[in-house]
Peer 1: 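Next up is a structure, given as structure tokens.
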Amino acid sequence: MDQYLPIVLLLVVALAFAAGSFAASKLLGPSRPTGAKTGPYESGIVPQAPVAARFPVRFFLVAMIFIIFDIEVIFLYPWAVIYHQLNTFGLAEMAAFALVVFVSFAYLVSNGALDWGPVKKLARKAPVNLTRTTTSTVRRVPRPDQLIDGMSPRPVDSEPEPTAEPVGAGAPEA
Amino acid sequence: MTGDPLFAHGLNLAVWIILVVKVIAVFAIVMVSVLFMVMYERWAVAWLGVRHGPNRAGPRGSLQSLADGVKLFFKEAFTPARADKVIYKAAPYIALAPAILAMSIVPFGGTITVAGHTTRLQLVDPPWGILFFLMCSGVAVYGIMLAGWSSGAKYSLLASVRASAQMVSYEAVLGLTIATVVVVTGSVHTSAIVAAQHGGFLWHWNIIHTALIPFALYSIAATAEITRAPFDLVEAEEEISGGFNMEYSSIGFALFYLAEYANLVVQAALITTLWLGGPDGPRIAGNSVGPLWFFIKVMVLLYIFIWIRATLPRVRYDQLMELGWKRLIPASLAMLMIVAGFQVGRWWGLAAFGGSLLGFALLLRAIDVGQDASAMEVQISADAEIPSGRGASS
């Protein structure tokens, strides 16, 4: 019990320091909040949308995989402390345990669960799809749902139709 | 062996006074070393970059970090409108407390006797020893995660998600390499770990006893765990403009800064304790000068941290995660088995080494298969993508 006391005292000192700093800052610093100040900083652009509630699922995956290893680590410590008494038996036990963990880890890696690679690097390894040609891959035609009213679904880089008015030509004159 | 002799005769007034003095001393050590570290870093980085460091406040600019700290008290502290108020206010406390608490298990070397009470130069030597440090680094993740999440800004959230994935990944490496030390020492007490390395400069240190590699793994993982350059993706200015503490102003920011540097100093102290013999060193003029050796080792380690920061460019996030999961974790697991094997006998050690090589081959194949699997996914998503759209990003 005595061993907990200094830690509790140090925790109290640390928290008191932080609380005291906040109190001092409140006394010494000015307080003139404006809308621009209290808004989220997005490199000077006024934020249009609320904070995304979603982020890449890979982060969740890492958190889940971490649990395997953290639990392994926790099991390791009691073993490590009495390792010199266990001797060969301890080594065999831990070898079996490490093997199980390692095999599950190798399984995760072989599923690509821990791949973060840039898309380009991975795409280099992607198998060539023989059904793809330049016309199927390089799609320059806007999708129907992206068409602006009155626009014809023609390839962007082809010759403009003679009757069509050039885009943006009318704007300066109007 | 266990426990501080200070408590041998119960708690009386003298013991309480010594205890409070020790607590305040440890707190002051952390605070002063943070102030010093900020200066040390700025001087050293300036020197490495062949330019002038801070040279205005105080002699040779030595009061610069104090001046910065005082300045921050006079800055406006405001809470972002979209912030989750309670968690936003609590996050700096959660970040700062474990950084300072972790210092309490570090043995500075030797004992002193004050008014008939003998006590170690170590705040506390709990039965869970080094596990306390792992606990602190586990709680430190919460400080950063909650700070970024509660700020209600996109960059902060991204930074905090990055930070927690990074810290959590490298924590496993820390745990596995510290377990290697525990296997060699047979105790989780930091005092016992230091005592086992005592005598014979360098030769009895764990860095030699565990064949250098776990030390290297630990140092890399420690650098990543405290989100220090070159692994400071949490604060990548070009990508997320400052990171998880971006929405904090005034003293809130200062406390995160303090926690960051306190973590750095604590990591240097723990590397010294775990691998470099702690206060072990040759006597000077017949006197045992443990604290001096401890100080010298920590200084050298801190300089190496700064040197790395000044030399290496920041890694990319996928490189960081690959290094952590596919290199460091398997390597530290293998080194643990190899060191454990050699503790039993030479042939067992060689057998563990052979097993590790097999595991390495299996892992290489697994990485290859895994990249094929991811490549298939990439192709599928590339086919489904609109031509002008942004590429898939993580």
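To find a chain, count down the sequence lines: A is the first, B the second, and so on, and within it residues start at 1.
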Peer 1: Let's test your reading of the structure: which of L76(A), D70(A), L86(A), T88(A) forms the most heavy-atom pairs below 4.5 Å with chain B?
Peer 2: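 Answer, by heavy-atom pair count under 4.5 Å with chain B: T88(A).
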Peer 1: Under a 4.5 Å heavy-atom cut-off, does chain A meet the side chain of L255(B), its backbone, both or neither?
Peer 2: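 When you check distances to chain A, only side chain atoms of L255(B) fall under 4.5 Å.
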Peer 1: For Y155(B), is it the side chain, the backbone, both, or neither that has a heavy atom closer than 4.5 Å to a heavy atom of chain A?
Peer 2: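 Answer is side chain: those atoms of Y155(B) sit under 4.5 Å from chain A.
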Peer 1: Angle between ring planes, Y317(B) versus F59(A), binned at 30° and 60°: parallel, tilted or perpendicular?
Peer 2: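 Correct class here is tilted.
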Peer 1: With a 4.5 angstrom heavy-atom cut-off, which part of F22(A) approaches chain B: side chain, backbone, both or neither?
Peer 2: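 Both parts, backbone and side chain.
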Peer 1: From the options D125(B), L19(B), V20(B), select the one residue that forms a side-chain contact (heavy atoms from CB on, under 4.5 Å) with P6(A).
Peer 2: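 Option passing the side-chain contact (heavy atoms from CB on, under 4.5 Å) with P6(A): L19(B).
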Peer 1: Side chain from CB out, backbone as N, CA, C, O: work out which of these in M246(B) comes under 4.5 Å of a heavy atom of chain A, or both, or neither.
Peer 2: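 Just the side chain, heavy atoms under 4.5 Å.
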Peer 1: I'd like to know which of L134(B), V168(B), V30(B), T79(B) tops the heavy-atom pair count under 4.5 Å against chain A.
Peer 2: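 Of the candidates given, the most pairs with chain A belong to V168(B).
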Peer 1: Quick one: which residues of residues 97-104 of chain A reach chain B at under 4.5 angstrom, heavy atoms only?
Peer 2: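 From residues 97-104 of chain A, the residues near chain B are A98(A), F102(A).
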Peer 1: Distance check, rounded to the nearest 0.5 Å: R162(B) atom CZ versus L320(B) atom CG?
Peer 2: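 It comes to 9.0 Å.
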Peer 1: Between F78(B), F74(B), W325(B), which shows the greatest number of heavy-atom pairs under 4.5 Å with chain A?
Peer 2: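 Option with the top pair count is W325(B).
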Peer 1: Counting heavy-atom pairs under 4.5 Å with chain B, which one of N87(A), L9(A), I82(A), I7(A) comes out on top?
Peer 2: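 The answer is I7(A).
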Peer 1: Less than 4.5 Å to any heavy atom of chain A: does that hold for the side chain of I105(B), its backbone, both, or neither?
Peer 2: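 Contact with chain A is absent: no heavy atom of I105(B) under 4.5 Å.
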Peer 1: Is it the side chain or the backbone of L101(B) that comes within 4.5 Å of chain A heavy atoms, both, or neither?
Peer 2: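 It is both, since atoms from each part get that close.
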Peer 1: What part of V181(B) gets closer than 4.5 Å to chain A, counting heavy atoms only: side chain, backbone, both or neither?
Peer 2: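 V181(B) has no heavy atom closer than 4.5 Å to chain A.
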Peer 1: At a heavy-atom distance under 4.5 Å, which candidate from V81(A), L10(A), L27(A) has the highest pair count against chain B?
Peer 2: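 The residue among V81(A), L10(A), L27(A) with the greatest pair count is L10(A).
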Peer 1: Is chain A contacted by the side chain of L158(B), its backbone, both, or neither, given a heavy-atom distance below 4.5 Å?
Peer 2: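 L158(B) has no heavy atom closer than 4.5 Å to chain A.
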Peer 1: Picking from A14(A), S25(A), A95(A), which has the most non-hydrogen pairs under 4.5 angstrom with chain B?
Peer 2: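 The answer is S25(A).
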Peer 1: Select one option (side chain, backbone, both, neither) describing which atoms of I100(B) are under 4.5 Å from chain A's heavy atoms.
Peer 2: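 Its backbone and side chain both get close to chain A.
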Peer 1: Heavy-atom distance under 4.5 Å between the side chains of L258(B) and M31(B), does that happen here?
Peer 2: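 They are in contact (side-chain heavy atoms under 4.5 Å apart), so the answer is yes.
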Peer 1: Quick one: what part of M103(B) sits under 4.5 Å from any heavy atom of chain A, side chain, backbone, both or neither?
Peer 2: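 Answer is neither: M103(B) stays 4.5 Å or more from chain A.
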Peer 1: Quick check for you: among A340(B), A81(B), G359(B), which has the greatest number of heavy-atom pairs under 4.5 Å with chain A?
Peer 2: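 Sorted descending by pairs with chain A, the first entry is A340(B).
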Peer 1: With chain A, which of S187(B), G175(B), A352(B) has the greatest number of heavy-atom pairs at distances under 4.5 Å?
Peer 2: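 So the answer, after comparing S187(B), G175(B), A352(B), is G175(B).
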Peer 1: Given side chains that start at C-beta, do those of V183(B) and H84(A) come closer than 4.5 Å, heavy atoms only?
Peer 2: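 Of all side-chain heavy-atom pairs linking H84(A) with V183(B), none is under 4.5 Å.
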